[in-house]
Number of protein chains: 2
Amino acid sequence: MAGSAFDMNRAEETAQSPKRLAIVDAATKLFLSQGFGAVSVDAIAAKAQVSKPTVYSHFENKEALFSGVMTGVCERAGGQEACPLANEEAARYMPMNELLQKTGEHVLGVITSPEAIEIFRVVIGEAERFPQLGRNFFEFGPASILEMIGGYISKKSNSGELVVDDPAKAAHYLVGMMVFPVQMGLACGARDPVSKDEISEIVADALKTFMKIYAPR
Amino acid sequence: MAGSAFDMNRAEETAQSPKRLAIVDAATKLFLSQGFGAVSVDAIAAKAQVSKPTVYSHFENKEALFSGVMTGVCERAGGQEACPLANEEAARYMPMNELLQKTGEHVLGVITSPEAIEIFRVVIGEAERFPQLGRNFFEFGPASILEMIGGYISKKSNSGELVVDDPAKAAHYLVGMMVFPVQMGLACGARDPVSKDEISEIVADALKTFMKIYAPR
DNA sequence: GTCTATAAAGGGATAGAC
DNA sequence: GTCTATCCCTTTATAGAC
């Protein structure tokens, strides 16, 4: 019908070709769950309900498809918008301890989510073959988190609420205390997923320790 | 010659078949540098200067070869014997700060070595397909390190040199401060290798912070 | 145990019709 | 852009001689 063709054109305008989206979607799920080598282009085409040449009409080869998919995934995975620290009003008026607690819970929640662990595994596992992907992940992930928290710590040091001579290092200590060894255990499949309650407890403990180091006395 | 046949028999007795060793050696290097999927049995046979059926006469299939190789690598990689804390005399008589510094330098040196990063990448990348490998790595790696340091901290808490209510947590804070984000940066290929001097500095800083938290006042 | 040779399957990628 | 059909190569794994 003419109607459906019209809809298709609309879809292409707003969100590119629907088949391309189906390919990207299928490739994302397969690559994240099995890595680069274990996934065939046949499998991607089948899952996207598309033929193999259609895949190759949108992406030059398997590597390009993988790179494209994973780059997008890394950039979206941070969830920076939802982080309490990203809200300027909150960052100014919420009590420091509460804001750091909420930020820690957000960060740890993102990092320990099953999706993030899948991304972590694939990126680390393929960092040799796709060096740019590893660097990209590091920038959008850990580096970005550290920068955000370091900036806040720096402000609080200037205002006298904390006594810190190296805000970047303080941020890395705080994050290090929170994520180690939980992230490692998850990535190794050596522990069960982390519950909300456990996350709150981990963050509260780390924060208490953090304050022992940096609170003015 | 009869002599060489005799040597071969000797070698088999002391260290199994030399061809098997060549296979394991070649497979180790290839798997660690390229992961499971990117390495073919042909490549392993060629590097070991052996024919493919010889590989299959020693290992049931590629998975078994990979598992065997990686398990051995993980168990040997800890280098527990060389750790200052493993020396009971040193652990008793060396001053605490010096011993923790040396232990930290050893641990961080092992963890950030190119070989360890290779192992880390491969294990994490294949943890989905080889779950036992991931758990094995975690036990022989991070868990073992934490246990060792936690035990020492516990002793020093009993003797009054430290004030610690949860030695395991204190150990994980200390190690977390040391390894994050260095290990992550290396695994992502987002930073250069760590020099001896830098390791000493990282450990010294973390230790200073650790003492701020746990030293008796 | 070790080789040469080969089977059997699956992989990435493309030609050509529509 | 999309499909059917296919090419060609590599891969894992084995048969059979020595």
Side-chain angles (χ1 to χ4, degrees), chain A residues 1-2 4-28 30-31 33-70 125-126 129-130, chain B residues 1-2 4-27 30-31 33-70 126 129-130:
Chain A
M1 283 207 280
S4 72
F6 180 69
D7 290 347
M8 273 191 161
N9 288 335
R10 289 261 314 241
E12 280 183 37
E13 286 168 21
T14 58
Q16 299 180 329
S17 155
K19 298 223 173 182
R20 184 188 176 99
L21 287 182
I23 292 166
V24 169
D25 192 51
T28 301
L30 290 172
F31 281 140
S33 66
Q34 303 174 47
F36 176 78
V39 174
S40 69
V41 178
D42 281 290
I44 295 169
K47 193 176 181 71
Q49 292 183 303
V50 153
S51 76
K52 205 161 26 162
T54 300
V55 175
Y56 282 97
S57 80
H58 286 280
F59 298 91
E60 193 182 351
N61 52 36
K62 192 183 167 187
E63 267 105 6
L65 175 55
F66 179 78
S67 279
V69 163
M70 292 303 298
E126 304 296 343
R129 198 203 290 247
F130 299 89
Chain B
M1 282 206 278
S4 72
F6 181 69
D7 290 346
M8 272 193 162
N9 288 336
R10 289 260 315 242
E12 279 184 38
E13 286 167 21
T14 58
Q16 300 180 329
S17 155
K19 298 221 172 184
R20 185 188 176 97
L21 288 182
I23 293 166
V24 169
D25 192 51
L30 290 171
F31 281 140
S33 67
Q34 302 174 47
F36 176 79
V39 174
S40 70
V41 179
D42 281 291
I44 295 169
K47 192 176 182 72
Q49 292 184 304
V50 151
S51 76
K52 207 164 20 167
T54 300
V55 176
Y56 282 98
S57 81
H58 286 280
F59 298 91
E60 194 183 349
N61 51 38
K62 191 183 165 187
E63 266 105 6
L65 174 55
F66 179 77
S67 278
V69 162
M70 292 303 298
E126 304 296 343
R129 198 204 290 246
F130 299 90

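Bear in mind the structure is a predicted one, so any value in this text is a computation, not a measurement. First the proteins, then the strands, lettered A, B, ... as listed; each starts at 1.
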Atom-to-atom span, CZ of B:F59 to P of D:dA13 - whole angstrom
14 Å

Between atom CZ of A:F66 and atom CD of A:E126, what is the distance when rounded to the nearest 0.5 Å?
5.0 Å

Taking atom P of C:dG10 as reference, at what distance in whole Å does atom CG of A:D42 sit?
10 Å

In this structure, how many angstroms lie between the C1' atom of D:dT2 and the CD atom of A:Q49, rounded?
15 Å

Which is more 5' along DNA chain C, the nucleotide nearest B:V50 or the one nearest A:P53? Just name the residue.
B:V50

Euclidean distance, atom CD1 of residue A:I44 to atom P of C:dA13 [Å, nearest integer]:
11 Å

Between C:dA13 (C1') and A:F66 (CZ): distance, integer Å:
19 Å

Which nucleotide in C:dG1, C:dG11, D:dA13 has an atom nearest any side-chain atom of B:S57:
C:dG1

What nucleotide, of C:dG1, D:dC3, D:dA13, holds the atom closest to the side chain of A:S51?
D:dC3

When only distance counts, do a donor and an acceptor, one from the side chain of A:K19 and one from the base of D:dG1, lie under 3.5 Å apart?
no

Tell me if a side-chain donor or acceptor on A:K47 pairs with a main-chain N or O of A:D25 at a distance below 3.5 Å.
no

For A:K52 and D:dC3, what is the distance between atoms NZ and P respectively, to the nearest whole Å?
13 Å

Mark yes or no for whether B:S57, through its side chain, and B:T54, through its backbone, hold a donor-acceptor pair below 3.5 Å.
yes

Nearest whole Å is fine: how far is C:dG1 C1' from B:L21 CG?
15 Å

With a sphere of 6.0 Å drawn around CD of B:E63, does it hold more than 12 non-hydrogen atoms of other residues, nucleotides or ligands?
yes

Mind checking if A:V55 touches a base, just sugar-phosphate, or nothing, with heavy atoms under 4.0 Å?
nothing

dist A:S51:OG -> A:K19:NZ (nearest 0.5 Å) comes out at 7.5 Å

Starting from P on D:dT12, measure out to CD1 on B:I23 and report it in whole angstrom.
14 Å

A:H58 side chain: which of D:dG1, C:dG1, D:dT12 is closest?
D:dG1

From the candidates C:dT14, D:dG1, C:dT2, the one with an atom nearest any side-chain atom of B:T54 is C:dT2

Looking only at C:dT2, D:dA13, C:dA13, the nucleotide nearest the B:N61 side chain is D:dA13

side-chain N/O B:Y56 vs D:dT14 OP1/OP2, d < 4.0 Å:
no

